[in-house]
Amino acid sequence: MSVLIITKSDDNESIALVTDAIKERGGRAYRFDTDRFPTELKLTAAHDKTSERVTVSGPEGDLDLGGVTAIWHRRLNVGGRLPASMDNQLRQACIGESRATFYGLLASLDAFRMDRAPYIRHAENKQLQLRVAAELGLETPRTLITNEPDPVRDFMKACEGRVITKMLSSFAIYEEGREKVVFTNPVSPDDLEDLGGLSYCPMTFQEMVPKALELRVTLVGDRVFAASIDSQSSDRALHDWRRDGLGMIDDWKEYELPEDVTRRLLRLMDYFGLNYGAVDIIVTPEGRHVFLEINPVGEFFWLERVPGLPISKAIADVLLGRSPRRVRALWE
């Protein structure tokens, strides 16, 4: 069995972990770094009245895409290595045509997708996530999304001044080649004095849920892997554990989810038709489990080190058809 892994050259060690797990199970994994297309990776599609042959050639060797049995979408950056010195209009045209070629060939393949791109895009809608999670019985925080100042002030009062703000999209600023992520931050009374920036960009506000632990729950097919971190043990991580992610990377512990939370999370996966998802949850001091969001392409690699969760093996099992798969979404 052949698995096509769609990623980019600067992706993390999760690719190697899954690749090794596929090989251990007798399959073949072919890594397609999208930033290397069209400059280094070569795609060829030949069609006639009775047949079609699509091949890819590159550092991983040659692959007849007609023999691919499963596809894992990870990261996309088609045309990323086209020279920056090119005329911008010409460069954008090349990227556009390369994307059309890549997506067209990918769509034509008759193979299982770990998660189809439309399902991933649908599941990335955070407002929808909160609605569906609440309908399934998961506890969710009070949330306000607005570009108007007055509702923010009213929300702050309703939450007794305990409010955080965050972005709906993955957002970062790049300075001198370094990525600076916009983390979750608390809202102070001083912030309410000048909310004029909302007219340029809406923001998401949520009640500040008290934390005993923060969970990363990784779901693969019908398997559930939960790990906890005591983010309150680090001043930097009080409002977002990612601020001290490297410093706390060895502090993650395996966690046993309550059966009802596990069941509802699997129903959430059924709704979106996902075979993979990374869920963030807060455990309050009273033991309540508060759902924050699900990332359909969230990271997992550090949890393989500590506490040693076999997530890559579970991914390989789904890709190779050794574990149950979801093939349709409930929202369709």
Side-chain angles (χ1 to χ4, degrees), residues 5-8 10-12 14-15 18 34-35 71-78 80 99 102-103 106-107 112-136 138-147 164-173 179 181-184 201-206 214-221 224-225 240-242 245 264-282 290-301 303 311 315 318-319 325-332:
I5 300 177
I6 307 299
T7 185
K8 56 180 184 175
D10 60 352
D11 204 345
N12 59 49
S14 62
I15 304 300
V18 173
T34 52
D35 56 312
I71 301 170
W72 182 31
H73 294 263
R74 266 286 301 179
R75 297 286 182 261
L76 297 173
N77 187 22
V78 175
R99 284 175 176 167
F102 173 75
Y103 292 139
L106 199 60
F112 166 76
R113 268 73 170 173
M114 184 70 174
D115 288 314
R116 293 183 176 275
Y119 290 13
I120 292 173
R121 289 195 296 270
H122 188 68
E124 286 175 336
N125 292 299
K126 302 296 175 61
Q127 299 99 314
L128 177 61
Q129 291 180 17
L130 290 172
R131 179 181 68 77
V132 176
E135 289 175 354
L136 292 172
L138 291 164
E139 183 176 351
T140 58
R142 285 181 288 178
T143 303
L144 173 72
I145 303 169
T146 186
N147 63 334
I164 57 91
T165 184
K166 61 184 184 181
M167 306 294 291
L168 286 179
S169 59
S170 297
F171 182 74
I173 296 172
E179 181 184 40
V181 177
V182 177
F183 294 110
T184 299
C201 179
M203 291 291 292
T204 299
F205 302 88
Q206 283 183 334
E214 291 193 64
L215 307 183
R216 170 56 69 97
V217 183
T218 308
L219 300 107
V220 186
V224 181
F225 304 93
D240 193 325
W241 62 262
R242 296 174 301 171
R264 290 181 173 114
L265 289 178
L266 288 171
R267 289 295 293 158
L268 186 70
M269 296 286 281
D270 291 339
Y271 176 86
F272 287 115
L274 296 175
N275 285 287
Y276 178 89
V279 174
D280 291 325
I281 289 176
I282 290 174
V290 182
F291 171 90
L292 297 181
E293 63 182 59
I294 181 171
N295 187 336
V297 288
E299 298 295 355
F300 67 87
F301 66 93
L303 298 174
I311 298 170
I315 291 173
V318 171
L319 287 169
R325 298 165 164 178
R326 289 180 186 82
V327 293
R328 292 188 66 83
L330 296 182
W331 54 265
E332 288 186 300

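For clarity, every value in this text was computed on a predicted model and none was experimentally measured.
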With distance as the sole test, does Asn275 use its side chain to make a donor-acceptor pair with the main-chain N or O of Met114 at under 3.5 Å?
-> yes

Spacing of Leu128 atom CG and His122 atom NE2 [to the nearest 0.5 Å] | 4.5 Å

Under the salt bridge (charged side-chain N to carboxylate O under 4.0 Å, His left out) rule, collect the residues that match up with Arg328, sequence neighbours excluded.
-> Glu332

Please confirm whether the backbone N or O of Asn77 pairs with a side-chain atom of Thr34, one donor and one acceptor, at under 3.5 Å?
-> yes

Residue of the set Ile281, Leu274, Asp280 for which side chain to side chain contact (heavy atoms under 4.5 Å, CB included) holds with Ile294 | Leu274

Among Ile311, Asn12, Val18, find the one that has a side chain to side chain contact (heavy atoms under 4.5 Å, CB included) with Phe301.
-> Asn12

Start with the C-alpha gap between Val132 and Trp331, add the side-chain angles, then the distance that decides, and say whether side chain to side chain contact (heavy atoms under 4.5 Å, CB included) holds.
-> CA-CA 10 Å; Val132 176; Trp331 54 265; over 6 Å; no

Do the non-hydrogen side-chain atoms of Gln127 and Leu130 ever get within less than 4.5 Å of each other?
-> no

Taking the side chain from Asp35 and the backbone from Gly80, do they hold a donor-acceptor pair closer than 3.5 Å?
-> no

Charged N to carboxylate O below 4.0 Å: is that the case for Lys8 and Asp11?
-> no

Minimum heavy-atom distance between Pro141 and Phe291, given as atom pair plus value | CD-O, 3.2 Å

Leu268 to Ala133 - nearest heavy-atom pair and separation = CD1-N, 4.2 Å

Does the Lys126 side chain pair with the main chain of Leu168, one donor and one acceptor, at a distance under 3.5 Å?
-> yes

Using atom types as modelled and distance alone, determine if a side-chain donor or acceptor of Thr165 lies under 3.5 Å from a backbone N or O of Thr204.
-> yes

Between CD1 on residue Ile6 and CG on residue Leu106, distance to nearest 0.5 Å | 5.0 Å

Step by step, work out the side chain to side chain contact (heavy atoms under 4.5 Å, CB included) result for Arg267 and Leu330.
-> CA-CA 10 Å; Arg267 289 295 293 158; Leu330 296 182; 3.8 Å; yes

Do you know the tightest heavy-atom contact between Tyr119 and Ala329?
-> OH-N, 3.7 Å

Quick one: CE on Met203 to NZ on Lys166, what's the gap to the nearest 0.5 Å?
-> 11.0 Å

Spacing of Ile71 atom CD1 and Leu319 atom CG [to the nearest 0.5 Å] | 10.0 Å

Any side-chain heavy-atom pair from Ser14 and Phe300 closer than 4.5 angstrom?
-> yes

So, Arg326 side chain and Gly221 main chain: donor-acceptor pair closer than 3.5 Å or not?
-> yes

Could you state the interatomic distance from CZ (Arg142) to CZ (Phe205), rounded to the nearest 0.5 Å?
-> 15.0 Å

Is Trp72 close to Val318 at the side-chain level, that is, under 4.5 Å between some pair of heavy atoms?
-> no

Minimum-distance pair of heavy atoms, taken over all atoms of Gly273 and Asp115 = O-OD1, 3.7 Å

Less than 4.5 Å apart, any side-chain heavy atom of Val297 and any of Asn295?
-> yes

In terms of heavy-atom contacts, Gly298 and Ala278 come closest through CA-CB, 3.9 Å

Heavy-atom closest pair (Cys201 atom, Met167 atom, distance to 0.1 Å) is SG-CE, 4.5 Å

When you look at Asn125 and Phe272, which way does the side chain to side chain contact (heavy atoms under 4.5 Å, CB included) test go after all the steps?
-> CA-CA 11 Å; Asn125 292 299; Phe272 287 115; over 6 Å; no

Hey, is the main chain of Phe225 close enough, under 3.5 Å, to the side chain of Arg216 for a donor-acceptor pair?
-> no

Approximate separation, where rounding is to 0.5 Å, of Tyr271 OH and Leu136 CG | 9.5 Å

Using modelled atom types only, decide if a donor and an acceptor are shared between the side chain of Arg264 and the backbone of Leu138 within a distance under 3.5 Å.
-> no

Arg325 CZ: over 12 foreign heavy atoms closer than 6.0 Å = yes

Give the C-alpha distance, both sets of side-chain angles, the deciding distance and a yes or no for side chain to side chain contact (heavy atoms under 4.5 Å, CB included) between Leu292 and Gln206.
-> CA-CA 10 Å; Leu292 297 181; Gln206 283 183 334; 4.3 Å; yes

